[in-house]
Amino acid sequence: MMSMKTIAFLQDASSCFPVLLLISSLTLASSPYFSLALSDSETAFIARRQLLSLPEGGKLPDDYESHVKLKFTFENPRLRRAYIALQAWKSAVHSDPLKTTHSWEGPNVCDYKGVFCAHALDDRKLIVVAGIDINHADIAGYLPVELGLLTDLALFHINTNRFCGIIPKSFSELTILHELDVSNNRFVGPFPEVVISLPALKFLDLRYNNFEGELPSALFEKDLDALFLNNNRFVSIIPETFGSSPASVIVVANNKLSGCIPKSIGKMFNTLNEIVLQNNNLTGCLPVEMGMLGNVTVLDISSNSFSGVLGKTFKGLGKVEELNVANNMLTGFASDDICRLPSLKNFTFSSNYFNGEAESCQPSKRRDCVFDDVSNCIPDRPKQKSAKECHPVLSRPVECSQSMCGGGSPQPRPKPQLPKQKPLKPKPPKEEESAVTRERPPPLKLPPPVVKPPKPVSKSSKQEESPVTRERSPPPKLPPPVIKPPTPVPKPPKQEESPITRERSPPVIKPPPPVEKPPKQEESPVTRERSPPPKLPPPVVKPPTPPVHSPPPPPVHSPPPPVHSPPPPVHSPPPLSPPSAPIVSKPPPKKELILPPTIGFQYSSPPPPKFPGY
C-alpha cells in the first residue's frame with residue numbers, strides 16, 4: 001500500500017509538470033540542432049521581399065554607399081561598407097530563434113557574432129571583415145544585395161539555416177572569396193551562375209537546396225578544389241567539360257541528371273579523389289576511361305541505370321577504398337582483379353544482374369573488406385534474383401563497343417549512293433527545236449534520203465525518230481527488248497531531234513516500249529535498223545554503242561520532238577509494205593546490228609511513245 005508521503009510527493013510533482021515541460025521546450029529551442037521549419041507561405045513571403053528589394057540589374061550602383069547617411073565613425077571606409085552590408089542583412093532576417101544577429105549593433109562590426117576580421121590582403125594596415133560563419137544558426141531570411149559591399153570577404157559560410165530566394169548578382173564583387181557554403185537552405189532558381197565569375201573561388205557547396213535546371217559547362221572549367229551539388233533538382237546531362245575540372249571532390253548525388261558519364265573523366269586521373277554520382281538518371285555503359293582514375297578513393301555510381309559490364313580497366317583503381325555500383329543493370333562477371341584491389345575496403349555490387357563472381361568477391365572470403373553481392377543472378381549464391389527476373393536482361397547483353405556511352409559508337413558507315421542515271425532523267429529537248437532538227441548541224445543529216453518522202457504522212461502518224469521502230473507495223477512493243485541498252489548514252493535530247501532519221505544506221509536501239517502508237521507504221525520493215533541514223537548524230541559516232549545512244553528513256557523523254565518533226569520527218573511514205581514490217585520480225589538480240597541503209601525505202605519515224613506525263 002502506498003504511503004502518504006509518496007502520494008504527497010506525486011501531487012507536488014504533478015503540479016510542477018507543466019513548468020518542466022515549458023523548460024524542456026525552451027531548452028530544445030535553444031539547442032543548435034533544433035530548427036523551426038518554414039511553411040511554403042513564409043518561404044514565398046521572404047522571396048517576394050527579396051525581389052522587391054533588388055535594384056535594377058540586381059547590382060548596387062557604384063556610388064551606393066555614399067548615399068547612406070550614418071551617425072557613426074569608422075576606422076576605415078571598408079569597415080563602414082561592412083556595417084552597411086551587415087545592417088541590411090539584419091533587416092532581411094525574418095526569424096532568428098538563436099538570437100545570432102542580436103549582437104549586430106553599433107559600429108564595431110568585428111564584435112558581431114559570426115563575423116571575423118583580419119588584416120586586408122592588399123594593405124596590412126587595414127582591418128577588414130574577412131569572413132562570415134553563421135552555420136547552424138537557423139536564421140530565416142534572404143541575402144540582400146548590399147552583401148556585395150563586403151569586398152574583402154574570403155569565406156562565407158551560412159549552411160543549415162533557412163535562407164530563401166536567390167543568390168544576388170552583387171556577389172560578383174566578392175573578388176577574393178575563397179569558400180562559399182550556402183548548403184542546407186531554401187534557395188531556389190537556376191544554377192547561380194554568379195559564382196562562376198568569382199575568380200578566387202575554390203570551395204563551392206550548394207547542397208540541399210532547390211536549385212534546378214542545367215549545369216553550366218563553364219562550371220567544370222573553373223579552378224575549384226571541391227564541388228558539392230547534391231540534393232538539388234538539376235536535370236541536365238553531365239557536360240563534356242566534366243573532365244576538365246581540377247576538383248579533388250565532386251558530389252552530384254540525388255539530382256535528376258541524365259545521359260552518360262563523359263569519357264573526358266579520364267583527364268581527372270591526377271586530381272580526383274572522390275566522386276559520387278549516386279541516385280540520378282544516368283544511363284549507358286561505364287566509360288573505360290574510369291579505370292584511369294588511379295587516385296580515386298571513393299567511387300559511388302549506385303542507383304542509376306548503368307548497363308554493360310565492369311571493364312577490365314577497373315583494375316587500375318589502385319587506391320579505391322569505397323566502390324559502390326549497386327542498383328544498376330550491370331551484367332557479366334565480378335572479377336578477381338576488382339575484388340583484390342590493394343586498398344579496397346568496401347565493394348557493393350548488389351541489385352544488379354551479375355551472373356558470376358570470383359571466389360575472392362564472396363562476402364565470407366575477406367575480413368578486411370566488405371562485399372555485398374545480393375540480388376544478382378549468381379548461381380549457388382543466397383538472396384539472388386529469380387531466373388524469371390534475370391532472363392530478360394541476361395538474354396540481351398549490351399554491346400558497349402556499339403553504345404553511345406562507354407565504348408564509344410563507331411561512326412556509321414555511309415550508305416552507298418547509287419549513281420544518278422542521268423540518261424534516265426534527261427531534260428527533254430525543246431520540242432520546237434526537234435521538230436525541224438532533222439537538218440541539225442550534227443553530221444548525220446542525210447538530207448537526200450530523208451528529205452522528202454513521197455507522201456508526207458499526216459502528222460497523226462507522229463512518227464518519232466525512234467529509229468529502232470523496226471517492228472513498227474502494228475504498235476508492236478518489240479522495242480522494249482531493244483529499249484534497254486546496257487548503258488544509256490547521255491545525249492538523249494539530240495537523238496530525238498532527228499525525227500527524220502529514218503535511215504538510222506545504228507539500229508534504233510532505243511525503240512521505247514512505249515512506241516506504241518506507230519500509226520501506220522509501215523515505214524520500211526527494216527525500220528528498226530535504220531540505215532544511217534541521221535537522228536542519232538551522237539550515237540552514230542559510236543557504232544558499237546549506238547543502241548545505247550538512244551536508251552529507252554531518251555526516246556521516251558523526247559517523244560514530243562519526234563512528233564514535232566511534222567513535215568519531212570513524219571513524211572514516212574504511205575504505208576509501204578503496210579504494217580507488215582516483216583523484216584522487223586524479231587529484233588536481233590544484238591543491238592549492235594546495223595543494216596546498211598536501204599535507199600529504196602522511205603522510213604517513217606515511229607509515232608512518239610506515249611508515256612505517262614507526255
Side-chain angles (χ1 to χ4, degrees), residues 207 225-228 230-231 247-254 261 265-280 282 285-385 389-390 393-394 400 406:
R207 290 177 288 178
D225 181 61
L227 178 60
F228 297 92
N230 52 290
N231 295 83
S248 61
V249 179
I250 297 181
V251 182
V252 293
N254 302 312
I261 295 178
I265 192 174
K267 298 178 183 179
M268 308 168 82
F269 64 93
N270 277 330
T271 56
L272 190 61
N273 299 131
E274 298 183 16
I275 179 169
V276 181
L277 305 176
Q278 174 188 12
N279 194 27
N280 280 283
L282 300 172
C285 294
L286 300 176
V288 295
E289 290 79 4
M290 291 185 73
M292 300 170 62
L293 304 177
N295 289 321
V296 163
T297 57
V298 176
L299 175 56
D300 189 342
I301 58 170
S302 62
S303 300
N304 283 284
S305 297
F306 292 116
S307 55
V309 300
L310 291 180
K312 295 180 180 179
T313 59
F314 271 63
K315 66 182 179 181
L317 304 177
K319 294 183 180 180
V320 70
E321 298 176 6
E322 303 285 333
L323 178 58
N324 190 348
V325 299
N327 294 295
N328 282 287
M329 298 185 71
L330 298 172
T331 58
F333 191 81
S335 69
D336 192 64
D337 289 337
I338 295 177
C339 296
R340 290 189 181 278
L341 287 170
S343 302
L344 191 63
K345 292 183 175 151
N346 188 315
F347 178 29
T348 303
F349 56 104
S350 58
S351 299
N352 278 285
Y353 292 86
F354 288 101
N355 57 2
E357 65 180 350
E359 185 177 353
S360 57
C361 298
Q362 295 179 6
S364 60
K365 297 300 179 181
R366 285 179 59 179
R367 294 183 179 179
D368 60 338
C369 185
V370 176
F371 295 98
D372 186 355
D373 65 355
V374 302
S375 192
N376 277 288
C377 303
I378 304 172
D380 304 324
R381 288 292 303 160
K383 299 181 181 179
Q384 300 296 301
K385 288 184 171 73
E389 294 175 284
C390 293
V393 176
L394 297 182
C400 288

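Just the heavy atoms: all of them, side chains too, but no hydrogens, waters or symmetry mates, feed the values below.
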inquiry  = With side-chain contact (heavy atoms from CB on, under 4.5 Å) as the criterion, how do M268 and L293 come out once you've worked through the C-alpha distance, each side chain's angles and the decisive distance to 0.1 Å?
reply    = CA-CA 7 Å; M268 308 168 82; L293 304 177; 4.3 Å; yes

request  = Go through the steps to decide whether N324 and Q278 satisfy the test side-chain contact (heavy atoms from CB on, under 4.5 Å), and finish with yes or no.
outcome  = CA-CA 9 Å; N324 190 348; Q278 174 188 12; 5.8 Å; no

ask   = Given side chains that start at C-beta, do those of T271 and S248 come closer than 4.5 Å, heavy atoms only?
value = no

ask   = So C369 and C339, disulfide (SG to SG under 2.5 Å) or not? Walk me through it.
value = CA-CA 9 Å; C369 185; C339 296; over 6 Å; no

query = When rounded to the nearest 0.5 angstrom, what distance separates CG in N328 from OH in Y353?
reply = 10.5 Å

ask   = Are Q362 and R381 close enough that some pair of their side-chain heavy atoms sits under 4.5 Å apart?
value = yes

message = Does K315 have more than 12 heavy atoms from other residues, nucleotides or ligands lying within 6.0 Å of its NZ?
response = no

message = Using modelled atom types and a 3.5 Å cut-off, is there a donor and acceptor pairing between side-chain atoms of N376 and backbone atoms of F354?
response = yes

message = Run the side-chain contact (heavy atoms from CB on, under 4.5 Å) test on T331 and V309 for me, step by step, so that the C-alpha distance in whole Å, both residues' side-chain angles and the decisive distance to 0.1 Å come before the verdict.
response = CA-CA 5 Å; T331 58; V309 300; 4.0 Å; yes

remark   = OG of S303 to CG of L282, rounded to nearest 0.5 Å, is 11.0 Å

request  = Could you tell me which non-hydrogen atom of S343 sits nearest to which non-hydrogen atom of G318, and how far apart they are?
outcome  = OG-O, 3.3 Å

note = d(S375 OG, N352 CG) to nearest 0.5 Å is 8.5 Å

note = Rounded to the nearest 0.5 Å, the CG atom of N231 sits from the CG atom of N254 at a distance of 4.0 Å

ask   = Is any side-chain heavy atom of F349 less than 4.5 Å from a side-chain heavy atom of E357?
value = yes

request  = Answer yes or no: is there a side-chain heavy-atom contact under 4.5 Å between E322 and T297?
outcome  = no

inquiry  = Distance check, rounded to the nearest 0.5 Å: D337 atom CG versus L310 atom CG?
reply    = 11.5 Å

query = Does a side-chain heavy-atom distance below 4.5 Å link V249 with V251?
reply = yes

inquiry  = To check you understand the geometry: which heavy-atom pair defines the closest contact between L299 and M290, and what is its length?
reply    = CD1-CE, 3.7 Å

inquiry  = I'd like to check N279 versus N304 (side-chain heavy atoms, cut-off strictly below 4.5 Å). Are they in contact?
reply    = no

Least distance between heavy atoms, F371 atom then L344 atom = CE2-CD2, 4.2 Å

query = Within a reach of under 6.0 Å around CG of D368, are more than 12 heavy atoms found that belong to other residues, nucleotides or ligands?
reply = yes

request  = Mind running side-chain contact (heavy atoms from CB on, under 4.5 Å) on F347 and V325 for me, showing each step along the way?
outcome  = CA-CA 8 Å; F347 178 29; V325 299; 4.1 Å; yes

ask   = Are side-chain heavy atoms of L394 and C377 found at a separation under 4.5 Å?
value = yes

task = Please report the closest heavy-atom contact between R340 and D336, naming both atoms and the distance.
result = NE-OD1, 2.8 Å

message = I want to check something: taking the side chain as every heavy atom from C-beta on, are I265 and P287 in contact at a cut-off of under 4.5 Å?
response = yes

remark   = Closest non-hydrogen atoms of C361 and A334, given as atom of the first, atom of the second and distance, are SG-O, 3.5 Å

message = Please report the interatomic distance CG(L227) to CZ(R207), rounded to the nearest 0.5 Å.
response = 10.5 Å

inquiry  = For F314 versus I338, what's the shortest heavy-atom pair and its separation?
reply    = CB-CD1, 3.9 Å

